[in-house]
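Here is the structure we will look at.
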Amino acid sequence: MRGFLASSTGVTCAAALALPLAPPAAAATSSTPPATSPTARSEAHAPGGTQSLRLAPLARDRVPGTAEQGLRRQDVRQFSLVGVVWDSPATELHGRVEVRTRATATGTWSGWQELETHNADHAADPGTPESASGRVRGATAPLWVGESDGVEVRVRASDAPGTARSGPAAAPLPTGLRLELVDPGEAAPPPTNRARSEAEPSVLPARTALPARTARPARAARQRAEPHAGARPAITTRRGWGADEKLREKGFVYTKKVKTAFVHHSATGNNYRCSQAPSVIRSIYRYHVNSTGWRDLGYNFLVDKCGNIYEGRAGGVSKPVLGAHTLGFNANSMGIAVLGTYSSKKPSSAALKAIARLTAWKVGLYGMNPRGKTYLKSGGGNLYRKGRKVRLNVISGHRDGFATNCPGKQLYAKLGTARSKAAAYQGR
């Protein structure tokens, strides 16, 4: 979702293709990630799975990297989320990616749906072990399509910003284009160890902060130092939404504190029921780890349109877990993704309330005022050079740290409301 603000409509303004697709030069094959990937070893034993289909040149283009690639309609195993990946995360895909899918329940084909191509701004900071692992790929944003068993895709290049077309190869597509079809599967089975199971509830219930006079001494001291921490809202844990913990890397990485909350939209579309949100999250998790090559889900928290809050990246909901959500500003921050696409659709009042309650609690643990400002040091990006101290809202949109359309025009416009509500929940 890194469509630069000056040209954020560049992808969507490209003319839709009307020509019929020619058969690919070579039959698409299904494969798993390279055997050297930790996620590949666990894939066979995990619920759900990912089909990875190589794209081939279309029409008269028969050479990899040319201006149009894709797949004709074909039957595939069941999936619910789709995305496109390529070899190098440093390479941008300038062009248009469209898919259509066949619903399992009805056998009908959807119309063409566009995937957001600029997604590299959701990533680990440059130079970090996660970004330098050698497993990271370039990727579009994923799109939730519901249970499907047929797919067709076309990818057409356009000129990169600031360039002039000089021939068919003026804007080549990235190498190694693959279509990723993700089946979220069922929720992972509960741990066999009963004690561990009891220690990991499916939902952390909402908890009201105790008055300082009735709290234990350590708690009372913390409340005196941080008098405006909001109450913890109910949070569906990773166990609650069915995370398969074998997929992610072991261990956790932390920063010092949480000074800023970056709000995102997942750009996965709005055609989901809230009862499907755990499946959507399992699909995004699998896409982030198996397809994109990250160590875990990129966001720290997710919120659905009914206002339910979900734990994202593992490591503890109250801890400053280092995510991969805002390139250049992952340290000392957290990322909250609202499931859906909010470029033209307004977010629900329930989702805004959830953002407010979550931030009132989480940034309050670190003494931050949701209506205030703070400074973060840039880790490098397209707005701020590495090392620059940047003044940001405590509740910011993704576009405040990176030139991107995320979290969409409509959601970004409502962040002032979220700030005010969060401050009120802190008693300010």
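What you see below is based on every heavy atom in this structure, not just the backbone, and it leaves out hydrogens, waters and symmetry mates.
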Do the side chains of [X] and [Y] get close enough for a salt bridge, i.e. N-O under 4.0 angstrom?
X: E245; Y: R238; result: yes
X: R77; Y: D149; result: no
X: R286; Y: D183; result: no
X: R100; Y: E98; result: no

One pair to check against salt bridge (charged side-chain N to carboxylate O under 4.0 Å, His left out): R72 and E152. What are the steps and the verdict?
CA-CA 5 Å; R72 292 195 68 184; E152 184 175 7; 5.6 Å; no

Side chains of [X] and [Y]: do they bring a donor and an acceptor to under 3.5 Å?
X: S52; Y: R178; answer: yes
X: E147; Y: T104; answer: no
X: T341; Y: S343; answer: no

Looking only at atom types and distance, does a side-chain atom of [X] sit under 3.5 Å from a main-chain N or O of [Y], one as donor and one as acceptor?
X: T292; Y: W294; value: no
X: R232; Y: P205; value: yes
X: N382; Y: A403; value: yes
X: N308; Y: V303; value: no
X: D400; Y: S396; value: no
X: D125; Y: G328; value: yes
X: S133; Y: P129; value: no
X: S378; Y: G380; value: yes

Who pairs with N332 by side-chain hydrogen bond (donor to acceptor under 3.5 Å, both in side chains), at least two apart in sequence or on another chain?
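N332 satisfies side-chain hydrogen bond (donor to acceptor under 3.5 Å, both in side chains) with no other residue.
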
Name all residues meeting the side-chain hydrogen bond (donor to acceptor under 3.5 Å, both in side chains) criterion together with S131; count only those two or more places apart in sequence or in a different chain, and write none if there are none.
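With neighbours one apart ignored, the set is T128.
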
Hey, what's the ring geometry for H122 with H264, parallel, tilted or perpendicular (30° and 60° as the breaks)?
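Plane angle between 30° and 60°, so tilted.
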
Any idea how Y285 and W241 line up, ring-wise: parallel (<30°), tilted (30 to 60°), or perpendicular (>60°)?
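Because their plane-to-plane angle is over 60°, the rings of Y285 and W241 count as perpendicular.
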
Identify the two heavy atoms, one from [X] and one from [Y], that lie closest to each other, and give their separation to 0.1 Å.
X: L352; Y: K414; result: CD2-CB, 3.7 Å
X: L115; Y: G83; result: CD2-CA, 3.7 Å
X: F262; Y: L376; result: CE1-CD1, 4.0 Å
X: A351; Y: V338; result: CB-CG1, 4.2 Å
X: Y366; Y: K256; result: CE2-O, 4.4 Å
X: T140; Y: W86; result: N-CZ3, 3.7 Å

Less than 4.5 Å apart, any side-chain heavy atom of [X] and any of [Y]?
X: V145; Y: L143; answer: yes
X: T268; Y: I284; answer: yes
X: L339; Y: Y272; answer: yes
X: S333; Y: H325; answer: yes
X: H265; Y: C406; answer: yes
X: Y342; Y: P407; answer: no
X: R419; Y: T359; answer: no
X: P184; Y: L81; answer: no

As an exercise, state the distance from [atom1] of [X] to [atom2] of [Y], rounded to the nearest 0.5 Å.
X: Y310; Y: I336; atom1: OH; atom2: CD1; answer: 14.5 Å
X: Q78; Y: L181; atom1: CD; atom2: CG; answer: 11.5 Å
X: W144; Y: S266; atom1: CH2; atom2: OG; answer: 11.5 Å
X: I395; Y: R371; atom1: CD1; atom2: CZ; answer: 10.5 Å
X: E180; Y: T50; atom1: CD; atom2: OG1; answer: 6.5 Å
X: N290; Y: R137; atom1: CG; atom2: CZ; answer: 8.5 Å

Enumerate the residue pairs fulfilling salt bridge (Lys or Arg N to Asp or Glu O under 4.0 Å) with a member in residues 340-357, sequence neighbours excluded, ordered by first and then second residue.
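Residue pairs passing salt bridge (Lys or Arg N to Asp or Glu O under 4.0 Å), neighbours aside: none found.
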
Which residue pairs pass the salt bridge (Lys or Arg N to Asp or Glu O under 4.0 Å) test when at least one of the two sits in residues 302-327, sequence neighbours left out?
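Every pair satisfying salt bridge (Lys or Arg N to Asp or Glu O under 4.0 Å) with a residue in residues 302-327: E130-R313.
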
Where do Y412 and H398 land on the ring-ring contact (aromatic ring centres under 6.0 Å, His included) test, with the steps shown first?
CA-CA 9 Å; Y412 187 77; H398 187 179; over 10 Å; no

Exceeds 12 heavy-atom contacts within 6.0 angstrom, atom CG of N271
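For N271, atom CG is not crowded (no more than 12 foreign heavy atoms under 6.0 Å).
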
For K421, look at atom NZ and say whether over 12 heavy atoms of other residues, nucleotides or ligands are found less than 6.0 Å away.
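No, not enclosed.
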
List the atom pairs, with distances to 0.1 Å, where a side-chain N or O of residues 384-394 and a protein N or O form a donor-acceptor pair under 3.5 Å, not counting sequence neighbours.
| from | atom 1 | to | atom 2 | distance (Å) |
| --- | --- | --- | --- | --- |
| N393 | OD1 | K373 | NZ | 2.9 |

Listed by chain and number, what are the salt bridge (Lys or Arg N to Asp or Glu O under 4.0 Å) partners of D87, not counting sequence neighbours?
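Listed in chain order: nothing, the list is empty.
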
